[in-house]
Enquirer: 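Below are the structure tokens for one structure; questions will follow.
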Protein chains: 2
Amino acid sequence: MSFEYEYPRAATAVDCVVYGWGDGQLKVMLIERGNETEEGQWALPGGFLKENETVENAAKRELREETGITYVSLEQLYVFSDPNRDKREHVISIAFIALTKRVTHKVKAGTDAADAQWFPLDDLPSLAFDHDEIIKVARERLKEKARFQPIGFDLLPTEFCLRDLQPLYEAILGRKLEKRNFQKKILGMGILTNTGKKETNVAHRAAELYKFDKKKYRAKLKTGFLFSI
Amino acid sequence: MSFEYEYPRAATAVDCVVYGWGDGQLKVMLIERGNETEEGQWALPGGFLKENETVENAAKRELREETGITYVSLEQLYVFSDPNRDKREHVISIAFIALTKRVTHKVKAGTDAADAQWFPLDDLPSLAFDHDEIIKVARERLKEKARFQPIGFDLLPTEFCLRDLQPLYEAILGRKLEKRNFQKKILGMGILTNTGKKETNVAHRAAELYKFDKKKYRAKLKTGFLFSI
DNA sequence: GCAAAAGTGTTTTGAGTACACCCATGG
DNA sequence: CCATGGGTGTACTCAAAACACTTTTGC
């Protein structure tokens with residue numbers, strides 16, 4: 001079967017930069033390409049847009065199919081359209097950033113992917129296509145975004161302590177933060193709820209566990225509040 | 001002539017939300033569609049991606065062809081990919097935001113455009129496709145972007161006075177600013193150069209003319225400086 | 001000289017910074 | 001009872017906000 005058009009068309013693909021947080025490091029999910037172009041190379045999860053599908057749905061679908069990852073926050077990152085970015089032909093890629101809480105969940109290689117694995121952001125293998133470029137752009141975006149949007153909570157478990165949050169922000173922003181001021185700022189925003197629970201299995205005073213309160217956050221937004229680190 | 005592919009492909013288009021500043025108002029450039037789908041409707045300048053062309057170049061080309069606008073700052077806005085956004089078939093649109101200094105320049109309708117015209121942002125005609133949605137997203141982006149990036153200077157002539165800059169920012173941000181504090185903040189940033197020249201033809205004390213100093217701005221950025229209004 | 005808008009001084013407030021300290025817990 | 005890290009108090013600094021004032025210019 002084949003499809004005919006009056007004018008030439010570039011193929012449309014989606015690629016996802018999936019961030020996770022584990023072992024005190026930012027991580028990115030990569031797949032090892034199966035029986036296709038650039039076989040055996042590590043690459044971002046992604047694939048071609050199907051008929052009558054939004055790019056958002058394509059990204060969700062590919063992520064599920066190739067890595068088993070499902071509930072994540074997805075956001076458009078950038079469009080990469082250099083005619084030579086894919087050796088085969090002109091393929092434009094709509095890149096997405098995804099944030100996930102579950103770095104330890106079972107990752108399952110699927111369709112088109114020989115393997116799927118988390119890699120520390122600062123120790124990545126060589127990548128297929130222009131995916132190193134995509135990751136570079138994504139890294140910048142993550143940093144910018146973290147300054148003014150509460151994305152830290154998307155990378156941590158639902159309940160977390162401030163001792164978990166601070167190193168995460170330090171990793172994203174690439175600089176040290178002062179404990180006291182970080183705590184005052186975050187708690188002072190009034191967008192966290194104290195669960196009353198405490199950390200367990202630590203050899204010192206247990207930290208309190210908080211939850212991000214999306215309702216409070218949205219309400220504050222409407223009154224001109226700006227999250228800012 | 002026709003083009004055949006193994007799988008179905010959506011068509012790729014680009015659309016530009018071009019902002020201008022004139023008569024104390026934010027304006028958007030629209031074209032009246034010629035001999036095509038939705039003929040006679042007003043729409044954003046844009047069109048289909050050509051073979052081996054980046055989306056950025058396509059946007060530049062369409063802008064030139066349809067409106068005669070050339071040197072502008074262009075930036076990716078968002079990808080609109082609802083399968084029903086175009087009645088004909090699945091067309092995904094890569095939308096761009098463009099800023100231009102020259103609201104009064106000669107606008108020339110060209111290929112595929114019966115007419116091209118500036119419209120005040122708050123008094124737009126009904127639009128083809130999902131272009132009202134695109135403009136809505138662009139409006140939000142402009143506001144966000146203006147908070148932390150010096151885009152105001154892209155909308156004003158190279159030389160301008162603070163009296164011009166302030167109402168522009170008030171229009172973009174949708175709120176009044178205090179004269180003294182605005183001036184202190186902008187000049188305090190150290191990214192403007194006083195040209196030594198003054199306003200002319202005003203019936204009161206002439207304001208000093210400034211230039212945005214891109215070099216100074218870039219240098220400051222490296223030292224951690226953040227533009228912020 | 002008067003109207004109009006440019007341009008400047010100054011106080012108050014609150015957030016960000018830096019540093020020092022007390023508290024709870026496991027071993 | 002001590003090491004470890006959680007949690008708190010507070011002085012200092014500086015930018016943002018609010019408001020009042022002086023200066024320049026055309027008519």
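Order of the sequence lines sets the chain letters (A, B, ...), proteins ahead of strands, with each chain counted from 1.
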Enquirer: B:N181 CG to C:dT12 C1': how many Å, rounded?
Expert: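 For the pair B:N181 CG and C:dT12 C1', the rounded distance is 12 Å.
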
Enquirer: Could you tell me how far apart B:R175 (CZ) and D:dA16 (C1') are, to the nearest whole angstrom?
Expert: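 My rounded result for the distance is 12 Å.
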
Enquirer: Taking only N and O in the side chain of B:R163, is any of them less than 4.0 Å away from OP1 or OP2 of C:dA6?
Expert: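 So the side-chain polar atoms of B:R163 do come within 4.0 Å of the phosphate oxygens OP1 or OP2 of C:dA6, strictly under.
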
Enquirer: So does B:K145 pair up with B:E75, basic N to acidic O under 4.0 Å?
Expert: yes

Enquirer: Once you measure the plane-to-plane angle for B:F212 and B:Y217, does it fall in the parallel (<30°), tilted (30-60°) or perpendicular (>60°) bin?
Expert: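 Tilted: the ring planes of B:F212 and B:Y217 meet at 30° to 60°.
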
Enquirer: When you match A:E178 and B:L209 each to their closest nucleotide on DNA chain C, which lands nearer the 5' end?
Expert: B:L209

Enquirer: With ring-ring contact (aromatic ring centres under 6.0 Å, His included) as the criterion, how do A:Y78 and A:F80 come out once you've worked through the C-alpha distance, each side chain's angles and the decisive distance to 0.1 Å?
Expert: CA-CA 6 Å; A:Y78 203 72; A:F80 296 82; 5.3 Å; yes

Enquirer: Would you please confirm or rule out a distance under 4.0 Å between OP1 or OP2 of C:dG16 and any side-chain N or O of A:K185?
Expert: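 For C:dG16, OP1 or OP2 has a side-chain N or O of A:K185 closer than 4.0 Å.
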
Enquirer: Without decimals, in angstroms, what is the distance between B:N194 CG and C:dG7 C1'?
Expert: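 For the pair B:N194 CG and C:dG7 C1', the rounded distance is 12 Å.
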
Enquirer: Write down the distance between CD (B:E208) and C1' (D:dT25), rounded to a whole number of angstrom.
Expert: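 Distance, rounded to whole Å: 14 Å.
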
Enquirer: Could you check whether the side chain of B:R205 and the base of C:dA6 have a donor-acceptor pair of N or O atoms closer than 3.5 Å, going by distance alone?
Expert: yes

Enquirer: Taking atom types as they are modelled, is there a donor-acceptor pair under 3.5 Å from the base of C:dT17 to the side chain of A:K184?
Expert: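 It does, because a donor-acceptor pair links the side chain of A:K184 to the base of C:dT17 below 3.5 Å.
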
Enquirer: C:dG7 P sits how many Å from B:K198 NZ, rounded?
Expert: 7 Å

Enquirer: Rounded to the Å, how far apart are A:N201 CG and D:dG5 P?
Expert: 16 Å

Enquirer: What I want to check is whether the side chains of A:Q76 and A:E56 have a donor and an acceptor closer together than 3.5 Å.
Expert: yes

Enquirer: How would you label the contact of A:Q183 with the nucleic acid (heavy atoms, under 4.0 Å): base, sugar-phosphate, or nothing?
Expert: base

Enquirer: Ignoring hydrogens and angles, answer whether the base of C:dT17 and the side-chain atoms of A:K176 contain a donor-acceptor pair closer than 3.5 Å.
Expert: no

Enquirer: Answer yes or no: side-chain N or O of A:R180 and base N or O of D:dG9 forming a donor-acceptor pair under 3.5 Å.
Expert: yes

Enquirer: More 5' along DNA chain D: B:K179 or A:A203, using each one's nearest nucleotide?
Expert: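 With B:K179 and A:A203 compared, the 5'-side residue is A:A203.
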
Enquirer: Counting N and O atoms only, with roles assigned by atom type, does the side chain of B:E159 sit under 3.5 Å from a partner on the main chain of B:T195, one being a donor and the other an acceptor?
Expert: no

